Amino acid sequence: KIRLGGLFILICIITCLEMFGLSLVFPLMEGLKNPEAIIQLPGLSFIYHNYFLNEPKYFLLVLSIVCAVTYIFKNLIMLMMIYLQTRFVQNCTARMAHLLFKGYLGLPYTYHMQRNTAQLLRNLENSVIVVFNKGLISILYLLMDGMIMIGLLSVLFIIDFWSTLLVILMLTICFSLFFFVFFRTR
């Protein structure tokens, strides 16, 4: 439970870094397009006026470096999280296989005489691996991607509510039409 909680904390950190990185991309693009537009952005105008002595090119350089460092740091944390996630699932698989094997050894001899040993070995080797590798890891990936999606949508709604709503509505209509056209006949 503690390791699963640690994975959840890492997922939250990755989501926050993804949101921060996305919130840096829009001002960076706006600044590259029009360097004087940075002055009008509410959050960055304070930093710009107090630390960069009205030089937009230095501010854009620092903003680019911060954006790159943020994404590199996020990807390193994601790499660490994927490693820990895989290790967690493999440890759960080994623990369950061990408990199943111990349970099989504790059964009476007549049970083993009535069962095919290939089925018992299949349960030990394949079934446990399939349950954890296909089930648990899929749930963890779904949780991570869902949290990242909610975080990114919240940033997009904050930046431009109506455009984000319009894009979501159009995508929903397109996917619904696609689903009904191609999967309705089955």
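These numbers were taken from a predicted model, which means no experiment stands behind them.
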Identify the two heavy atoms, one from [X] and one from [Y], that lie closest to each other, and give their separation to 0.1 Å.
X	Y	answer
Gly21	Cys67	O-SG, 4.3 Å
Met19	Val155	CB-CG2, 3.7 Å
Val128	Ala97	CG1-N, 4.0 Å

Hydrophobic clusters here meaning ILVMFWY residues chained together by side-chain heavy-atom distances under 4.5 Å, can you tell me if [X] and [Y] are in one?
X	Y	result
Val130	Val89	no
Leu28	Val69	no
Leu140	Phe8	yes
Leu120	Leu107	yes
Leu99	Phe132	no

For the residue pair [X] and [Y], establish whether any side-chain heavy-atom pair is separated by less than 4.5 Å.
X	Y	value
Phe178	Cys174	no
Leu84	Arg87	yes
Phe26	Met29	no
Leu22	Leu156	yes
Ile137	Phe88	no
Thr164	Ile159	no
Phe157	Leu165	yes
Asn91	Arg3	yes

Result of checking Thr117, Leu121, Asn116 against Gln119 for side chain to side chain contact (heavy atoms under 4.5 Å, CB included):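 The option that passes is Asn116.
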Roughly how far, to the nearest 0.5 Å, is [atom2] of [Y] from [atom1] of [X]?
X	Y	atom1	atom2	answer
Arg122	Ser127	CZ	OG	5.0 Å
Asp160	Leu166	CG	CG	10.0 Å
Arg115	Thr110	CZ	OG1	10.0 Å
Leu7	Ile82	CG	CD1	11.0 Å
Arg95	Leu100	CZ	CG	14.0 Å
Ile14	Met78	CD1	CE	4.5 Å

Side chain to side chain contact (heavy atoms under 4.5 Å, CB included) assessment of Gln85 paired with Tyr141: CA-CA 9 Å; Gln85 193 174 14; Tyr141 279 135; 3.7 Å; yes
[X] [atom1]: over 12 foreign heavy atoms closer than 6.0 Å:
X	atom1	result
Tyr111	OH	yes
Met96	CE	no
Phe101	CZ	no

Residue pair Asn133, Gln90: steps toward the side chain to side chain contact (heavy atoms under 4.5 Å, CB included) verdict: CA-CA 8 Å; Asn133 283 347; Gln90 294 303 320; 3.4 Å; yes
Verdict with reasoning, Leu153 to Ile168, per side chain to side chain contact (heavy atoms under 4.5 Å, CB included): CA-CA 10 Å; Leu153 280 176; Ile168 288 174; 3.6 Å; yes
